[in-house]
Amino acid sequence: MNILLINYEFPPLGAGASTATWHIGKELAAMGHRVLVVTSGFKKNTGYGLENGMTIYRCPAIRKKVSQSNLLEMASFVASAFICLPRLVRVHRIEGAIVFFSFPCGPLGLWIHILFKVPYIISLRGGDVPGNEKRLDRIHKILTPLRRWVYRKSAAVVANSQGSKYLAEKADSYPVSVIPNGIDTKFFTPAKKITDDKYFRFMFAGRLSDQKNLFFMLRHLAQLKQTGFQKLKIHMAGDGPLKKELQSFANNVGLSGNIEWHGWVSKNKLLEIYQGSDCFINPSFCEGMPNSVLEAMACEITVIASNVPGNKDALANYKNGFLFDLDDEYMFYQILQKVVQNTSSYKKEIGKNFGKSFKGKYSWARTVNSYINIF
């Protein structure tokens, strides 16, 4: 089958949905499908390329940073892709499309369906679901008629978590299926040798943005240090609009000597950070299905995450990680203390539960087969 993947972000651009697009495309190609990915160009990197059996076409677009894009930059990709797609669909004889995000990419699926009757699947990723990110509520309300048109003409609407499915069906009366993200468990593996230098290592990986609730996390880690847990290391892997503010805040609360800011890192470096850490924290206000949580679980490090849709789809509380309520700061701090004091026993139990229950559930092959079954 000739399959088109549309996402305004694709490695090296973007985060979770970008990674998911790469894995889905790679798995489709390995199964013998012909895969075309249409994504944003970055600086001089435009036009055709080949990667892991996929043909990549990078449309000219305005984009300044690898880690993030604003509404104007997203719109520049959509406008460029509207022009490029008719020729690409004809040349590559596209038979079906997976379109990541209802917005900004959803209208592109509708466009090729109108022109060529190509069936398309909308893959919801979290922030594009009304009700998931409150700051986007006004935009979602304005775009409601177009979003519902995109859904109505699609072959299916898919969410990557039960939480996103619930919110999507609450906002629009269209059935939503759930296809979770996968984990590359051949790459993301536990450390073979445990570092024992008396330090306890926390980590976060993702965009440094409001959604991630990182001031909350740093404030409580500073409190942990002040109450006697002096030997803490904190690894921050990622970049985003709040980086300078977070660095200043960390200095003000006394964490300057405990924290390392890695910036946007390669996949190999990210694995190194996972394997060298004791605990991964994801304190987000909202999530789709966070790749970083799944990757940390695969590396068998303790995960602490906010009790929000997406996180609670992946984690079974006190079995393969810990969930805390966003409005219960004392609960979060108690979990931090428990994890620091009992890390060896928790890591052993979490590794056992992950291997027993989750490896088969979160595989990219299973994810891809679910999409193919819809087509």
Do the side chains of [X] and [Y] join up, straight or via other hydrophobic residues, at under 4.5 Å, putting them in one cluster?
X	Y	value
V91	V35	no
L71	F77	yes
Y174	I98	yes

Within this structure, what is the OG-CG distance for the pair S306 and N282, rounded to the nearest 0.5 Å?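 Nearest 0.5 Å value for the OG-CG distance: 5.5 Å.
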Shortest non-hydrogen contact from N291 toward A20: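 In this case the closest contact between N291 and A20 is ND2-N, 4.0 Å.
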Pair F101 and Y8, ring centroids less than 6.0 Å apart: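 Between Y8 and F101, which both carry aromatic rings, the centre distance is below 6.0 Å.
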When F216 is tested against each of F285, F249, F332 for ring pair (Phe, Tyr, Trp, His ring centres under 6.0 Å), which residue passes?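 So the option named by the test is F332.
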Just checking, is any N or O donor in the side chain of Q334 or Y330 under 3.5 Å from an acceptor N or O on the other one?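 Q334 vs Y330: donor-acceptor pair found between side chains.
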Using a strict threshold of under 4.0 Å (side-chain N to carboxylate O), is an ion pair present between [Y] and [X]?
X	Y	answer
E260	K269	no
K267	D184	yes
R135	D210	no
R63	E9	yes

Full working for ring-ring contact (aromatic ring centres under 6.0 Å, His included) between F204 and F202: CA-CA 7 Å; F204 167 82; F202 290 99; over 10 Å; no
Determine the interplanar angle of the W364 and H23 rings, folded into 0 to 90°, and report it as parallel if under 30°, tilted if 30 to 60°, perpendicular if over 60°.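 Rings of W364 and H23: parallel, under 30°.
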Could you please spell out the steps behind the ring-ring contact (aromatic ring centres under 6.0 Å, His included) verdict for Y274 and F188? CA-CA 9 Å; Y274 280 129; F188 290 103; 5.8 Å; yes
Taking the six-membered ring of Y57 as reference, does the NZ or CZ atom of R87 fall below 6.0 Å from its centre and within a 45° cone about the axis?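 Satisfied, under 6.0 Å and within 45°.
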Do K338 and F322 form a cation-pi contact, if we require the NZ or CZ to be under 6.0 Å from the six-membered ring centre and within 45 degrees of the ring's axis?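 The answer is no; the distance or angle limit is not met.
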Quick one: does V157's side chain get under 4.5 Å of L124's, heavy atoms only?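 Yes, side chains in contact.
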